[in-house]
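Below is one structure, written out as structure tokens, with a few remarks after it.
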Amino acid sequence: MAKNKFKIGLFKNENYNHYMKRYRKVLLIGLAIGLLTCKDDKKKSVSAKSSDTAKPNIVIIYADDLGYGELGAYGATELKTPNLDKLANGGLRFTSGYASSATCTPSRYALLTGTYPWRNKNARILSGSAPLIIDTTQMTIPKMLKGAGYTTGIVGKWHLGLGSGNVDWNQTISPGPNEVGFDESYIMAATQDRVPTVYIENGKVVDLDSNDPISVDYKKNFSGELTGKNNPELLKMKWHHGHNNSIVNGIPRIGFMKGGEAAKWVDEDMADTFLNKAQDYVKFHKNESFFLYYALQQPHVPRTPHPRFVGSSGMGPRGDVIVEADWCVGEFIKTLESEGLLENTLIIFTSDNGPVLNDGYFDDAVEKLGNHKPAGSLRGGKYSLFEAGTRVPFFTYWKGHIDSGVSDALVSQLDLLTSLAELVNSNTKGPDSENLLNAFLGDSQKGRDEMVLEATSRTALRKGDWVMIPPNTGAALNKLVNIELGNKKEYQLYNLKEDIGQEKNLAKSNLDKLEEMKAIYMKIKGEEYSSIEGLELK
Ligand code: NG6
Ligand code: CA
């Protein structure tokens with residue numbers, strides 16, 4: 001098993017000289033600025049303030065499958081999330097903050113590129129061996145920030161593909177995060193339930209033993225290797241649907257993997273591993289302007305809390321890993337605080353899609369839920385076009401710069417690219433990303449007018465208080481996960497202000513609104529789309 005060797009403040013020791021050079025340069029520039037500005041006290045305070053606000057550190061903390069109603073600050077009463085609540089309540093909490101999609105890969109794609117995921121046919125849930133779906137020439141948040149002088153890093157879940165097909169896991173894996181704007185990366189390739197179950201640091205599998213090379217295949221097993229399907233007696237967690245291929249640490253996964261024994265992660269240590277890497281990153285880069293994308297793996301399946309969190313929620317592993325994630329965020333904030341960075345760091349917390357209970361393993365998520373409502377009062381969940389698929393916890397926190405409060409502005413993760421560009425005085429704009437910096441900082445309540453929402457390749461339109469869902473012939477309910485998908489053979493139209501639970505379909509009673517929504521939807525999606533769907537462009 002991979003030991004977690006935390007290399008103080010560095011993802012990679014070889015980079016040490018490079019960083020020391022950079023560090024010295026930053027110190028010298030800092031010294032020069034200091035000498036110039038201290039001549040005039042008044043000038044000094046102004047320039048200190050403006051340099052703070054122009055180039056704050058930026059941290060995006062991204063949960064995986066955390067629902068709208070999961071945090072105390074969003075109304076949860078059964079689950080305790082004190083650390084996240086403190087940030088959400090001390091910062092600006094959005095009530096209409098959206099992921100771009102109800103699943104992971106498309107949301108992450110949109111977050112980083114400011115592009116609607118439905119514009120890229122490859123932006124759908126990826127296997128662990130899928131190629132990178134961000135074009136290396138495409139603009140991304142880390143690329144934009146690098147252009148503005150930032151150092152950039154990712155720790156945690158990637159799930160945007162690696163390489164360009166047929167990855168050799170035993171060589172440097174490229175292209176990946178380091179080729180789309182991240183100076184440093186410490187990631188898992190896809191999801192915790194997909195092989196390869198190893199960490200990858202700057203393109204190299206951590207602790208790989210060259211005598212035990214890794215092979216990965218998503219179609220067929222390797223001869224002689226055990227599977228969840230054939231060897232249930234070896235499992236410590238049982239699969240419910242899917243998840244019956246290779247067994248790693250007693251947990252059956254999606255996909256087949258051979259070799260790499262010494263490199264395999266310990267699931268229960270994953271939260272600590274990513275936390276420590278995130279803390280190290282901050283400590284090492286504290287004298288630079290940094291961007292960290294800290295992509296938590298919780299509460300996605302398999303839910304494997306560290307033993308010290310087992311039983312902490314009374315809701316079984318799903319609740320326990322949310323408590324664990326909350327603790328991780330608290331510890332991470334303590335690091336920012338002890339390094340004196342809290343006043344100079346903009347923190348954005350949100351989730352990649354809505355909640356799901358049974359997502360393929362028997363882990364008591366349904367049985368021990370009690371009165372907890374992962375989606376709050378929203379309808380649907382992960383995979384759904386109803387609100388709970390994409391409306392997620394979303395808040396900004398910046399001590400001393402963002403006043404605490406609640407904002408009903410309509411904001412999407414899509415908007416972070418252009419808004420953060422505005423913050424750092426870059427004129428970059430993402431294709432579908434709006435400049436909502438004032439909304440994110442609490443200087444305005446004005447968000448987007450409208451946006452297209454996506455769930456497993458189906459789309460809907462939110463505009464103002466209204467949501468329009470075009471006809472869909474797919475199943476109404478995903479029986480395996482027990483989630484209503486939002487599919488209906490006819491149009492659906494809901495007024496969220498009056499009907500947050502999307503119970504009253506007004507498509508037939510408010511034809512004017514329906515036509516207005518259809519026209520805007522088709523204008524955004526384009527003619528090509530309307531012909532595919534057989535919808536008339538009117
Ligand atoms: C689904 C998996 C689910 C989860 C999801 C991706 C099955 C039956 N279900 O295909 O368990 O892994 O993909 O989740 O395999 S996401 O949050 O990364 O999009
Ligand atoms: Ca997810």
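Computed over heavy atoms, backbone and side chain alike; hydrogens, waters and symmetry mates excluded. This one's a predicted model, so the numbers in the text were calculated from it and none came from an experiment. Counting convention: from 1, in listed order, for ligands and their atoms alike.
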Inset, instruction - May I ask you to check whether N353 brings an N, O or S atom to under 3.0 Å from the Ca ion (ligand 2)? - result: yes
Inset, instruction - Answer yes or no: is there a donor N or O on one side and an acceptor on the other, between the side chain of R253 and the main chain of V248, under 3.5 Å? - result: yes
Legend entry - Donor-acceptor contact below 3.5 Å, side chain D415 vs main chain E434: yes
Just distances here: any N/O of [X] and N/O of ligand 1 closer than 3.5 Å?
{"X": "I254", "answer": "no"}
{"X": "D193", "answer": "yes"}
{"X": "T191", "answer": "no"}

Inset, instruction - Give the C-alpha distance, both sets of side-chain angles, the deciding distance and a yes or no for side chain to side chain contact (heavy atoms under 4.5 Å, CB included) between L461 and W466. - result: CA-CA 8 Å; L461 179 75; W466 296 84; over 6 Å; no
Inset, instruction - Any chance you could lay out the side chain to side chain contact (heavy atoms under 4.5 Å, CB included) test for I251 and K236, step after step, and finish with the verdict? - result: CA-CA 6 Å; I251 302 172; K236 69 178 178 193; 3.8 Å; yes
Legend entry - Distance-only side-chain donor-acceptor flag, Y186 / T273, under 3.5 Å: no
Legend entry - Winner among K382, R194, K157, R253 once heavy atoms are compared against atom 1 (C) of ligand 1: R194
List the closest protein heavy-atom neighbour of [atom]: residue, atom name, distance to the nearest 0.1 Å.
{"atom": "atom 7 (C) of ligand 1", "value": "H243 CE1, 3.7 Å"}
{"atom": "atom 5 (C) of ligand 1", "value": "Y383 OH, 3.5 Å"}
{"atom": "atom 11 (O) of ligand 1", "value": "D359 O, 2.8 Å"}

Legend entry - Contact list for residues 74-85, test salt bridge (charged side-chain N to carboxylate O under 4.0 Å, His left out), sequence neighbours left out: none
Inset, instruction - Please work out the angle at the Ca ion (ligand 2) defined by atom OD2 of D352 on one side and atom OD1 of D65 on the other, rounded to 10°. - result: 150°
Inset, instruction - May I ask you to test the M144-F291 pair for a side-chain heavy-atom distance under 4.5 Å? - result: no
Inset, instruction - Identify, by name, the N, O or S atom of D64 lying closest to the Ca ion (ligand 2). - result: OD1
